[in-house]
Amino acid sequence: MKKHNFSAGPCILPSEVLQEAANSVLNFDNLDLSLIEISHRSKNVVAVMDEAVALVKELLGVPEGYSVIFVQGGASLQFVMTPFNLMKAEGGKAAYLNTGTWSSKALKEAKRLGNAIEVASSKDKNFNYIPKGFEIPSDVDYFHTTSNNTIFGTQIKDFPKAEGLNVCDMSSDIFSRQINVADFDMIYAGAQKNMGPAGATVVIVKDEILGKTGRDIPAYLDYQIHIDKESMFNTPPVFSVYVSMLTLRWLKGIGGVAEMEKINQAKADLLYNEIDRNSKFYGTAEKEDRSNMNACFLAHEGVDTALFDEMWKAAGISGINGHRSVGGYRASMYNALPLESVQALVDVMQEFEKK
Ligand SMILES: *Cc1c(COP(=O)(O)O)cnc(C)c1O
C-alpha cells in the first residue's frame with residue numbers, strides 16, 4: 001500500500017496522475033514515442049502547454065490583461081526575476097514582508113538590484129506569526145509577500161495591499177484556496193509544492209506592468225520574452241508542465257479550487273483540533289495565522305518521541321519530520337493528500353496519548 005505522504009515538498013500527487021504520467025513516459029498520445037523524447041515544438045507538446053496555461057486561467061479565474069507562463073529555475077529564480085522586471089533601474093525601491101526563510105531569501109536577491117526594504121518581520125518569534133498593521137511606503141515599485149510559509153506553518157489570511165504593485169510568492173498554497181487574482185499584479189509558484197514535480201514555475205503577470213524599469217534584462221530573466229514566445233523561449237521542462245497539467249485536470253474534475261478549499265479546510269480542522277486537544281503535543285504557529293497546508297507541532301517536554309516516531313512509521317506515515325529550523329513535526333496537507341491520511345495521523349496521535 002502507498003504511504004500516507006505528508007512531504008513538505010516535492011509533494012504528494014494524485015495516484016491517477018502518476019499512473020497517466022508513467023504511461024506517457026512510455027508512449028505519449030499513442031505516438032509510440034515517449035513524452036520526454038520528442039520535440040517541445042511538436043503539436044502534441046504545444047497542446048500540453050496550451051492546456052496547462054488554459055487550466056491555470058480557468059481554475060484561478062485569471063482576468064483579461066494577465067499572461068500565464070511556465071519557466072524553469074524554481075521559485076528561487078523568481079526572487080531574482082521579480083526585481084529585474086519590476087524594480088526601476090534608477091532609484092529602484094521595493095518593500096518586502098518577511099515571514100520566513102523564503103521571504104528572507106527573496107529580499108536578499110532584491111537587495112542586489114536596488115533599495116529593497118523589510119516593512120515588517122516576524123523573526124522575533126521564529127516566524128510563528130504574520131505581522132499586521134504595518135505601513136507600506138507609497139513610493140515603492142512593488143510590495144512582495146509570501147502567501148504561505150512552508151517551513152514555519154503560517155499563512156496570510158487577509159492580504160495587505162500596497163498602493164503600487166502587489167507581488168506574491170504562492171509556491172506552497174496556490175490552487176489550495178480561492179484567491180482574487182485581480183488583487184495582485186504578479187503571482188508566482190514553483191510547481192513542486194501543490195501542482196506537480198519540480199522543474200516548472202508558473203508566473204501570472206499583468207501585462208501592463210512590464211517594460212517600465214529602464215533595465216537591461218538578460219533574455220531568460222525577461223518575462224516579456226517568455227510571454228512573446230508562449231513559454232517556448234528555450235526548451236521548457238516538458239515533463240513537469242505535463243504532470244502539472246494532469247494535476248490541474250484532476251483538480252477541475254473534483255470541482256475546482258472552491259471544492260478543494262473545503263476539503264483542505266476539513267483536513268486542517270481535523271489535525272489542528274487534535275493538536276490542540278492532545279496532551280502530548282502543541283502547535284507552534286499563532287492560531288489565527290495557522291497554515292492549512294503545513295501544520296507544525298512539537299511534543300511537550302519529557303514526551304517519549306522515539307515511541308511516537310516508531311508508531312507513525314508503523315502506520316505507514318511518511319514525511320512528518322519538522323524542518324530543522326523549527327524541529328518537532330510538520331504535516332503537509334497539500335491538495336492530493338486525502339482526508340483518510342490525516343485521519344491515520346490523528347489516530348496514531350490518539351493511540352500514543354493513551355500509552
Ligand atoms: C519551496 C519554496 C520556495 C523555493 O522553491 P524552489 O522552487 O525550490 O526555488 C520558495 N517559496 C516558497 C513559499 C516555498 O515553499
Side-chain angles (χ1 to χ4, degrees), residues 5-13 69-84 94 96-110 112 116 118 121-123 126-131 142-157 159 166-177 179 184 186-204 220-221 226 231 236-237 239-241 243-244 247 264 285 289-296 319 321-326 330-337:
N5 184 3
F6 288 87
S7 170
C11 69
I12 181 170
L13 293 170
I69 50 170
F70 284 91
V71 294
Q72 308 200 40
S76 298
L77 189 65
Q78 295 313 305
F79 301 164
V80 180
M81 287 174 75
T82 302
F84 259 110
Y96 280 69
L97 176 62
N98 190 1
T99 49
T101 308
W102 300 118
S103 11
S104 304
K105 288 189 172 173
L107 173 62
K108 192 172 165 193
E109 297 297 341
R112 294 179 203 277
E118 182 181 87
S121 166
S122 46
K123 196 171 181 190
N126 201 26
F127 298 114
N128 77 348
Y129 69 103
I130 302 288
Y142 65 89
F143 171 56
H144 182 281
T145 52
T146 307
S147 58
N148 183 73
N149 300 284
T150 327
I151 292 177
F152 299 94
T154 63
Q155 188 172 33
I156 299 178
K157 308 288 174 177
F159 284 90
N166 289 276
V167 176
C168 190
D169 173 2
M170 294 196 186
S171 292
S172 57
D173 68 354
I174 194 159
F175 301 112
S176 75
R177 57 172 168 166
I179 48 148
F184 302 90
M186 200 179 96
I187 293 167
Y188 62 85
Q192 74 274 18
K193 300 279 171 40
N194 217 9
M195 185 166 62
T201 306
V202 67
V203 181
I204 304 164
Y220 194 87
L221 305 187
H226 292 284
S231 301
F239 184 72
S240 178
V241 172
V243 180
S244 299
T247 307
N264 287 332
D289 301 323
R290 278 174 167 175
S291 165
N292 280 5
M293 294 283 95
N294 318 94
C296 297
N321 285 317
H323 190 270
R324 61 190 178 280
S325 52
V326 183
R330 170 175 53 166
S332 297
M333 299 173 280
Y334 294 120
N335 284 357
L337 185 86

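Quick caveat, the model's predicted, so the values are computed rather than measured. All ligand and atom numbering here is 1-based and tracks the order in the structure.
In plain terms, the two heavy atoms of Gly196 and Ser244 that are nearest each other are CA-OG, 3.9 Å.
For the residue pair Tyr334 and Asn264, no side-chain donor N or O sits within less than 3.5 Å of a side-chain acceptor on the partner. The closest side-chain donor-acceptor pair between Asn292 and Asp173, if any, does not fall under 3.5 angstrom. For the 3.5 Å distance criterion, the side chains of Thr154 and Asn149 qualify, holding a donor opposite an acceptor.
Note: His226 and Phe70 fail the aromatic proximity criterion, with ring centroids not under 6.0 Å apart.
Ser122 places no side-chain N or O within donor-acceptor distance of the main-chain N or O of Pro131, the cut-off being under 3.5 Å.
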Between ligand 1 and the protein, which N/O pairs are shorter than 3.5 Å?
| from | atom 1 | to | atom 2 | distance (Å) |
| --- | --- | --- | --- | --- |
| ligand 1 | 7 (O) | Ala75 | N | 3.0 |
| ligand 1 | 7 (O) | Gln192 | NE2 | 2.9 |
| ligand 1 | 8 (O) | Gln192 | NE2 | 3.3 |
| ligand 1 | 9 (O) | Ala75 | N | 3.3 |
| ligand 1 | 9 (O) | Ser76 | N | 2.8 |
| ligand 1 | 9 (O) | Ser76 | OG | 2.6 |
| ligand 1 | 11 (N) | Asp169 | OD2 | 2.6 |
| ligand 1 | 15 (O) | Thr150 | OG1 | 2.4 |
| ligand 1 | 15 (O) | Lys193 | NZ | 2.7 |

